Number of protein chains: 2
Amino acid sequence: MALRHAVLAALLDEELSGYQLAKSFDLGVANFWHALPQQLYAELARLEADGLVAGREVVQETRPNKRLFKVTDEGLAELERFAASSAKPSMLRDDLAVKVQSSDLVDTGPVIAQLRERADFARAKIELFEKLLVKLRGGRVEEEFLREGERVGPYLTCLGGLVFERGYLQWCERIAGILETRSGEKERGR
Amino acid sequence: MALRHAVLAALLDEELSGYQLAKSFDLGVANFWHALPQQLYAELARLEADGLVAGREVVQETRPNKRLFKVTDEGLAELERFAASSAKPSMLRDDLAVKVQSSDLVDTGPVIAQLRERADFARAKIELFEKLLVKLRGGRVEEEFLREGERVGPYLTCLGGLVFERGYLQWCERIAGILETRSGEKERGR
DNA sequence: TCATGATACTCAAGAATCTGACTATTCATA
DNA sequence: TATGAATAGTCAGATTCTTGAGTATCATGA
């Protein structure tokens with residue numbers, strides 16, 4: 001029961017449909033929570049059944065109709081309880097690190113390629129986050145916004161995503177460089 | 001089928017029992033993979049049944065007997081295939097970030113406390129990683145070790161863990177400071 | 001005009017994960 | 001000398017997550 005709270009937190013700022021929510025989990029919220037669309041639809045249904053979110057049908061002419069969900073007072077109370085409860089340590093699962101861990105005993109070629117790919121991805125994400133931050137603080141300088149802005153939560157988590165991606169980017173570049181040098185040395189050594 | 005590869009990677013350097021493996025997943029490997037002991041015991045059983053690891057009973061006098069596992073050639077071949085296959089994007093799930101996301105609408109007191117706790121945890125982990133790095137490079141300076149060392153995989157993932165925890169630490173401290181200032185302002189504003 | 005791709009969802013089945021309890025022995029410590 | 005922590009696991013059941021396939025409409029571009 002933890003996806004529930006991630007969904008509630010994601011719905012705090014705007015009413016979203018399941019489809020939009022899925023997109024936001026693939027971009028913004030994905031910094032700190034991962035879920036597939038199917039899970040989100042299912043979770044929204046459960047949340048609605050429990051009265052933590054309220055859905056309303058929006059009829060569209062040019063596209064299929066959709067249901068928009070917003071957090072209810074009960075939902076907010078649930079988030080309040082969650083925030084006060086003890087947090088589980090953050091959980092990370094990273095395929096690429098598993099490959100790096102075994103990199104002395106397997107062919108490093110594909111691992112280096114994947115590190116470079118991941119670095120590109122991180123660069124794209126960083127750019128996206130930087131734009132999002134500018135948008136969220138709406139003209140104000142950061143310090144002023146963080147002191148006086150009404151809604152800073154998403155900004156703060158976006159800062160977290162930025163820190164994470166910048167760290168990951170540096171790591172990828174450094175490790176790719178090291179593995180490349182080492183595989184070069186090995187060639188010459190033969 | 002992804003925990004398998006994390007387990008194989010963790011067993012590359014030493015023969016471990018399920019119990020020891022569980023410990024290492026709680027400390028070192030936990031940088032990039034999370035799993036509970038029960039899962040590890042089950043996965044070891046499956047890996048052994050598939051011939052990817054080999055277990056041997058070690059009789060102990062002063063403690064309960066244990067079974068040590070090592071990676072077989074087949075296991076290594078499986079890791080090789082895994083390293084060459086495309087990686088899934090790293091998956092993060094972070095309770096604390098969910099709480100920060102909703103921090104404008106819930107009581108920030110407990111969130112700030114949790115950020116400080118997490119910061120302490122990160123500091124402890126950083127110290128641990130730094131010691132581990134010194135141990136892994138065994139007297140040599142980093143550059144030399146990374147160029148000429150025979151087994152650098154665990155060192156590289158440890159570097160990753162360090163980058164991650166340092167980033168997380170900075171984020172926690174900064175966010176805790178911001179939320180504290182804001183809650184102070186609010187008090188005075190009443 | 002025909003094929004994508006985007007919007008907006010749904011369903012079922014199976015794999016993976018988590019919760020919680022249990023067994024048994026030894027070591028340290030209060 | 002009891003008490004709790006550490007070693008070394010096992011088991012069942014519930015929940016969660018992932019895989020894979022479908023439905024239907026509209027817009028865009030080749």
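Please read these numbers as outputs of a predicted model, since none were measured by experiment. Proteins come first, then strands; the chains are lettered A, B, ... in the order of their sequence lines, and each starts at number 1.
More than 12 heavy atoms of other shown residues, nucleotides or ligands fall within 6.0 angstrom of atom CD in Glu148(A). No more than 12 heavy-atom neighbours from other residues, nucleotides or ligands sit within 6.0 angstrom of CD on Glu143(A). Heavy-atom contacts from other residues, nucleotides or ligands closer than 6.0 Å to CD of Glu142(B) number more than 12.
Of the residues in residues 85-100 of chain A, not one places a heavy atom less than 4.0 Å from an atom of DNA chain D. The stretch residues 49-65 of chain B touches DNA chain D through Gln60(B), Arg63(B), Pro64(B), Asn65(B), each having a heavy atom under 4.0 angstrom from the strand.
Protein atom CD of Gln39(A) is 13 Å distant from nucleotide atom P of dT17(C), rounded to whole Å. Rounding to whole angstrom units, CZ of residue Arg67(A) and C1' of dT10(C) are separated by 14 Å. Atom-to-atom, CG of Leu21(B) to P of dT10(D) comes out at 13 Å; the value is rounded to the nearest Å. Put simply, OH on Tyr41(A) is 12 Å from P on dC11(C), counting in whole angstrom units. Leu40(B) places its CG atom 14 Å from the C1' atom of dT10(D), with the value rounded to the nearest Å. With rounding to whole Å, Gln38(B) atom CD is found 16 Å from dA14(D) atom P. Between the P atom of dA8(C) and the CG atom of Asp26(A) lies a distance of 16 Å, rounded to the nearest Å. As a whole-Å value, the separation of Met1(B) CE from dT19(D) P is 12 Å.
Look at Tyr19(A) and you won't find any side-chain N or O under 4.0 angstrom from OP1 or OP2 of dC9(C). OP1 or OP2 of dG9(D) sits under 4.0 Å from a side-chain N or O of Ser17(B). For dC18(C), the OP1/OP2 oxygens have a side-chain nitrogen or oxygen of His34(B) closer than 4.0 Å.
Considering CD1 of Ile175(A) and OH of Tyr155(B), their distance stands at 10.0 Å, rounded to 0.5 Å.
With salt bridges taken as basic N to acidic carboxylate O contacts below 4.0 Å, none links Glu150(A) and Arg182(B). Salt bridge Arg67(B)/Glu15(B): absent, no basic N to carboxylate O contact under 4.0 Å. Using a 4.0 Å cut-off between charged side-chain N and carboxylate O, Arg123(A) and Asp120(A) make a salt bridge.
With hydrogens and angles ignored, the 3.5 Å screen pairs a side-chain donor or acceptor of Thr72(B) with a backbone N or O of Gly51(B). Remark: side-chain polar atoms of Gln114(B) are paired, donor with acceptor, to backbone N or O of Ser85(A) under 3.5 angstrom.
For the pair Arg46(A) and Gly18(B), nearest-nucleotide mapping onto DNA chain D gives the more 5' position to Gly18(B).
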